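Whatever order the structure lists them in is the order used to number ligands and atoms, beginning at 1. Worth saying up front: this structure is predicted, and the values here are computed from it rather than measured. Only heavy atoms go into these numbers, but all of them, side chains included; no hydrogens, no water, no symmetry mates.
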Amino acid sequence: MVGLGPRKPPSRKGSMADVPKDLLDQIKRLEELFTVPQEKLKEITDHFVKELAKGLTVEGGSIPMNPTWCMGFPDGYETGTFLALDMGGTNLRVCEINLPEEKGEFDIIQSKYRMPEELKTGNAEELWEYVADCLQQFIEYHHEGEELDELPLGFTFSYPATQDYIDHGVLQRWTKGFDIEGVEGKDVVPPFEAALKERGVPIKLTALVNDTTGTLIASAYTDTDMKIGCIFGTGCNAAYMEDCGSIPKLAHLNLDPKLPMAINCEWGAFDNEHKVLPRTPYDIIIDKESPRPGQQAFEKMIAGLYLGEIFRLVLVDLHGNPDVKIFEGQDLGKLKKAYSLDASFLSSIEEDPFENLSETQDLFQNKLGITTTKPELELIHHLTCLIGTRAARLSACGVAAICKKKSITSCHVGADGSVFNKYPHFKARGAQALREILDWTSRKDPIEILPAEDGSGVGAALISALTLKRCKEGQTAGIRDPEAMLAAAKKMKVKQ
Ligand code: GLC
């Protein structure tokens with residue numbers, strides 16, 4: 001099977017023989033709601049291609065298509081020591097990355113800090129203080145007693161940001177359930193730097209990076225066929241390399257049209273106007289109850305943050321339907337709590353190896369206090385497959401759209417994130433959808449979505465290195481203060 005791409009998911013036989021008619025009818029209804037057939041995938045992809053182009057125009061569209069000022073791929077020979085801060089959604093991670101002389105190599109040390117739930121809905125000051133504290137701790141721990149010059153830092157801030165410069169970023173809006181007051185519409189760099197300065201932490205921010213751009217660059221560092229970087233995790237998004245001549249909204253800057261520019265698509269916002277995506281009543285509830293209704297329509301059908309919630313909403317709805325007998329006489333208190341199930345809950349159900357779904361039965365019992373019958377378990381299992389398959393198939397539309405837009409017929413796509421790495425069959429289902437969209441018949445898939453290198457760590461370091469390098473070479477477009485950047489580049493080595 002080598003070279004044939006991900007294998008088809010094995011299908012559990014699962015007998016529907018004993019499933020009563022009301023549940024069978026519901027399984028059928030859910031199948032209709034959640035299945036995205038080939039023709040629909042193609043229609044979504046075609047609309048996606050147009051929306052990608054629209055996002056690059058002066059008028060813009062739903063998809064932000066943010067120019068990132070990451071201008072080119074690495075050649076594998078980038079060197080230096082960099083810090084990287086990753087504020088992705090679930091955790092905060094600080095890394096120190098050393099890029100040695102050897103091509104495509106790196107060493108990394110890292111510490112993870114939990115992102116307190118309260119912080120996600122707190123205020124800006126608390127956020128920057130927490131972030132700066134983590135960086136300070138990291139430096140004190142790993143460089144105790146050392147005299148340090150300013151360390152260059154790549155800050156992976158994985159939210160939509162308008163960047164006039166690489167070391168600047170105005171948060172367009174929070175995504176992934178974040179709702180921190182006083183950050184939207186503002187440049188995130190000055191308050192971040194101020195918090196560091198207050199603590200005397202010796203850091204120079206060289207690049208503000210999106211996780212997708214980091215993923216693209218980190219993956220291309222070791223594999224030159226990588227043309228797209230994707231995240232399928234708490235959120236869902238992609239980045240690719242455009243040429244400046246194809247970005248009408250940058251035309252006023254008179255950049256050389258051949259210069260490359262990584263675009264952070266922010267494709268989670270695809271179809272916010274609800275023209276093509278086959279939304280179910282459950283997707284509509286998710287949107288309505290979220291902190292930013294009307295935003296991230298695509299992401300809310302795909303990303304890890306929402307998969308468990310879609311599943312939960314379906315089950316609660318079925319239970320409330322007088323025509324359906326499900327979880328009769330059971331206390332649904334736990335199941336009724338919003339966002340109480342995450343994507344890993346669904347993963348475990350899909351992975352249940354037993355014909356009688358005994359692991360799923362235990363999960364429902366232990367986590368939710370619900371005793372399930374065999375027919376209910378069949379419905380539950382079926383539902384997770386439907387939700388997981390829809391997510392993978394819709395994701396493939398975005399990848400296919402970028403390839404179509406750029407006339408890419410063969411490449412590697414670097415992907416990272418909990419859903420991509422951990423959700424069962426996500427890769428195989430995505431690959432199958434790509435085949436259907438792009439009508440491949442060859443034995444080997446010409447476009448493959450593969451596990452990426454660490455974008456938020458190594459990618460951010462590489463983007464810092466590339467920025468310092470181009471600054472030294474006199475290519476200072478999109479660098480706020482080239483003098484200060486050059487001074488940082490000169491001081492770069494950590495004094496031992
Ligand atoms: C959300 C963010 C985006 C990020 C993605 C994956 O879509 O808006 O910036 O890349 O999640 O983390």
Side-chain angles (χ1 to χ4, degrees), residues 48 51-52 55 62-70 84-93 115 120 154-163 166 169-180 183-185 188 207-219 228-240 262-272 277 286-287 290-307 342-343 391 394-395 397-399 402 413-423 426 449 452 454-457 459-460 463:
F48 218 129
E51 290 296 306
L52 292 174
S62 279
I63 309 182
M65 301 297 279
N66 293 326
T68 63
W69 300 101
C70 163
L85 166 69
D86 175 13
M87 190 184 135
T90 319
N91 291 313
L92 202 88
R93 186 167 62 116
M115 189 85 184
K120 297 183 188 169
F155 178 7
T156 306
F157 181 73
S158 304
Y159 306 88
T162 309
Q163 293 190 273
I166 194 154
V170 175
L171 177 64
Q172 292 162 340
R173 73 193 71 83
W174 285 117
T175 54
K176 300 185 275 202
F178 272 60
D179 194 9
I180 304 174
V183 190
E184 284 177 331
V188 297
L208 190 77
V209 175
N210 187 263
D211 51 0
T212 55
T213 319
T215 298
L216 171 68
I217 297 302
S219 301
I228 299 173
C230 290
I231 300 288
F232 304 113
T234 308
C236 166
N237 186 19
Y240 73 102
I263 299 291
N264 162 21
C265 300
E266 288 295 333
W267 77 17
F270 170 64
D271 204 32
N272 278 349
L277 289 174
I286 294 242
D287 185 44
S290 75
R292 296 289 179 282
Q295 302 291 346
Q296 304 295 97
F298 187 57
E299 179 161 88
K300 284 171 176 159
M301 298 172 81
I302 294 178
L305 178 60
Y306 306 103
L307 296 184
D342 60 17
L394 289 179
S395 305
C397 295
V399 174
I402 294 182
V413 175
D416 207 347
S418 49
V419 172
F420 183 76
N421 292 321
K422 296 198 194 130
Y423 199 95
F426 188 85
I449 310 181
D454 167 15
S456 312
I463 294 173

Item checked: Atom-level proximity to ligand 1, residues with heavy atom under 4.0 Å -> Ser158, Tyr159, Pro160, Thr175, Lys176, Asn210, Asp211, Thr212, Ile231, Gly235, Cys236, Asn237, Glu266, Gln296, Glu299
Note to self: When you measure from the side chain of Asp179 to the backbone of Pro291, do you find a donor-acceptor pair of N or O atoms at a distance under 3.5 Å?
What the structure shows: no
Item checked: Option from Gln172, Arg292, Arg173 for which side-chain hydrogen bond (donor to acceptor under 3.5 Å, both in side chains) with Glu184 holds -> Arg292
Note to self: According to ring-ring contact (aromatic ring centres under 6.0 Å, His included), who are the partners of Phe232, at least two apart in sequence or on a separate chain?
What the structure shows: Phe426
Item checked: Closest non-hydrogen atom pair between Val419 and Gly233, with its separation -> CG2-O, 3.8 Å
Check: Which residues satisfy the side-chain contact (heavy atoms from CB on, under 4.5 Å) test with Ser290, sequence neighbours excluded?
Finding: Asp287, Pro293, Lys300
Item checked: Partners meeting ring-ring contact (aromatic ring centres under 6.0 Å, His included) with Phe270 (sequence neighbours left out) -> His47, Phe48, Phe298
